[in-house]
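What you see is a predicted model, and the numbers here were worked out from it, not measured in a lab. All heavy atoms count here, side chains included; hydrogens, waters and symmetry mates do not.
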Number of protein chains: 2
Amino acid sequence: MTSNTFHKLRDEIENGIITGEFSPGERLDEVQLATRFGVSRTPIREALMQLSAIGLVEARPRRGAVVVDPGPNRIYEMFEVMAELEGMAGAMAARRHTEQDRAALLASHERCELSAASEDTDSYYYDNEVFHHAIYAASHSTFLAEQCAALHRRLRPYRRLQLRVRNRVKVSIGEHAGIIQAILDGDEAAARQRLRDHIAVQGDRFSDLVSNLSRRDKTARSP
Amino acid sequence: MTSNTFHKLRDEIENGIITGEFSPGERLDEVQLATRFGVSRTPIREALMQLSAIGLVEARPRRGAVVVDPGPNRIYEMFEVMAELEGMAGAMAARRHTEQDRAALLASHERCELSAASEDTDSYYYDNEVFHHAIYAASHSTFLAEQCAALHRRLRPYRRLQLRVRNRVKVSIGEHAGIIQAILDGDEAAARQRLRDHIAVQGDRFSDLVSNLSRRDKTARSP
DNA sequence: TTCGCAGATTATGTATACAAGACTGTTGAC
DNA sequence: GTCAACAGTCTTGTATACATAATCTGCGAA
């Protein structure tokens with residue numbers, strides 16, 4: 001990882017967006033960022049270019065870059081696509097997982113259970129990511145894994161909001177168990193279906209999401 | 001469309017890659033591109049940054065940008081994901097298409113039939129794109145439509161190669177008819193399955209693709 | 001008081017200059 | 001004869017300077 005300046009900057013800014021340091025709709029001033037990171041405008045611009053290509057910021061010509069605000073509807077659409085892709089990864093993992101994949105899946109699942117038992121939401125949040133990445137890897141489709149990982153990253157902040165919902169961690173763990181079983185049994189259809197359901201924002205979970213979104217907005221706006 | 005220089009440049013270079021003017025593995029020299037387009041290196045770099053974020057070029061630190069060469073395996077993986085996403089769009093279109101969508105779908109399908117009848121492969125190729133975009137639109141999921149359109153664009157050159165295969169146009173048209181019917185009937189499952197099959201590179205079609213790939217490479221390399 | 005216009009100001013887009021790492025070609029040693 | 005090391009060149013990465021479009025402010029008129 002011979003990280004160039006702009007490469008690091010890209011990650012920094014992306015991280016800032018994901019963690020909410022730069023809130024949706026906020027304008028990203030080039031000079032301001034440049035002085036903050038102690039570099040010139042050039043690498044900042046290049047970082048913003050990349051982020052705008054990914055869709056994290058919107059670069060309006062001659063009017064600067066702003067953090068994209070997806071809005072509830074679009075976030076819902078993103079979860080829909082995520083559910084489908086993840087289901088696909090699960091189905092492929094069921095067919096193609098190796099002994100190594102099996103070990104990785106079980107290990108990550110166990111760690112999730114430990115975190116869940118200790119009621120450490122942050123740690124569960126992290127282990128959950130590892131679990132899902134293990135599924136992507138087990139699909140043995142590099143491209144699919146990349147797409148899943150990218151979407152996963154973009155949805156990270158909202159996923160985190162969802163974990164706040166009462167009992168969600170416990171339910172989530174239960175779903176994981178079923179998913180693991182389906183994959184290791186080689187049951188493609190079940191793996192696909194369970195992962196889809198696991199990701200999809202259905203029923204009450206949509207209103208949970210929306211209410212958490214607006215709560216976040218309020219707390220973000222107030223000083 | 002207040003197109004900035006770098007915005008135009010991005011499209012130009014992207015187009016050059018898609019049309020094969022810049023062949024896979026080729027190094028994209030900044031000064032060379034700059035003199036060619038009559039601009040300085042700065043906007044060229046910004047364009048290349050965006051293309052590298054999309055995944056069309058690979059920007060190795062300090063070593064310049066090269067056109068990504070996906071290779072048969074990765075192209076196959078991309079078609080797999082495309083098939084899934086397109087199937088999803090079809091299923092959603094079956095549920096949510098409006099009267100306008102219905103008209104657009106039928107119109108684009110008719111134009112495909114005309115082009116196919118006149119055996120004008122290029123024109124069929126174009127109308128086919130319109131047809132698929134009509135499906136994306138009918139899904140009424142903006143995000144899904146964007147994802148589909150992006151992947152569609154990236155796979156454009158290979159799709160074109162596939163049309164060269166004997167009888168492919170005729171078969172394709174037949175599949176379109178079934179897809180349209182399923183969507184307009186509101187039959188989600190059928191629409192999904194038929195679109196998946198329509199896109200997926202199965203059986204003989206994979207070897208067709210690979211052989212066309214190597215043929216293209218040969219013709220591209222010889223003067 | 002509010003709307004509109006014009007100048008000033010600020011920020012973005014592009015060009016150029018400079019620094020530093022990578023590639024190439026040659027020379028010398030084994 | 002081959003391999004390695006060094007120097008030179010070339011290309012990329014970053015900084016700075018300048019041009020231009022957009023925004024802001026202040027003044028005037030309705």
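For B:Asp11, the side chain to side chain contact (heavy atoms under 4.5 Å, CB included) partners two or more places apart in sequence, or in a different chain, are B:His7, B:Glu14.
For the pair A:Glu46 CD and D:dA15 P, the computed distance is 10 Å after rounding to whole Å. Atom P of nucleotide C:dG13 and atom CD of A:Glu30 are separated by 6 Å, given to the nearest angstrom. A:Leu28 has its CG atom 14 Å from the P atom of C:dA11, to the nearest Å. Spacing between atom CZ of A:Arg27 and atom C1' of C:dA11 amounts to 7 Å, rounded to whole angstrom units. As a whole-Å value, the separation of A:Ile44 CD1 from D:dA15 P is 9 Å. Here D:dT14 presents its P atom at 10 Å from NZ of A:Lys8, a figure rounded to the nearest Å. At whole-Å resolution of the value, CZ in A:Arg45 and C1' in C:dT12 are 6 Å apart.
When the options A:Asn128, A:Thr121, A:Asp122, A:Thr19 are evaluated for a side-chain hydrogen bond (donor to acceptor under 3.5 Å, both in side chains) with A:Arg160, the one that passes is A:Asp122.
Between C:dC23, C:dT16, C:dT12, one nucleotide has an atom nearer to the side chain of B:Arg63 than all others, and that is C:dC23. When each of C:dT14, C:dA22, D:dT14 is scored by its nearest atom to the side-chain atoms of B:Arg41, the top-ranked nucleotide is D:dT14. Taking the side chain of B:Thr42 as heavy atoms from C-beta on, and the options D:dT12, C:dA15, C:dT12, the nearest nucleotide is C:dA15. Considering only side-chain atoms of B:Asp29, the nucleotide from C:dT12, D:dT12, D:dT23 that sits closest is D:dT12.
Using a distance-only test at 3.5 Å, with no hydrogens or angles considered, a donor-acceptor pair links the side chain of B:Arg96 to the main chain of B:Ser139.
Taking a 6.0 Å sphere around CZ of B:Arg168, one finds it holds more than 12 heavy atoms contributed by other residues, nucleotides or ligands.
Salt bridge B:Glu129/B:Arg159: absent, no basic N to carboxylate O contact under 4.0 Å. A salt bridge is absent between A:Arg36 and A:Glu12: the closest approach of a Lys/Arg side-chain nitrogen to an acidic carboxylate oxygen does not fall below 4.0 angstrom.
The residue A:Arg62 sits close to a base: some heavy atom pair falls under 4.0 Å.
The stretch residues 32-40 of chain A comes close to DNA chain D through A:Val39, A:Ser40, each having a heavy atom under 4.0 Å from the strand.
Between the side chains of A:Tyr136 and A:Glu146, not a single donor N or O lies within less than 3.5 Å of an accepting N or O.
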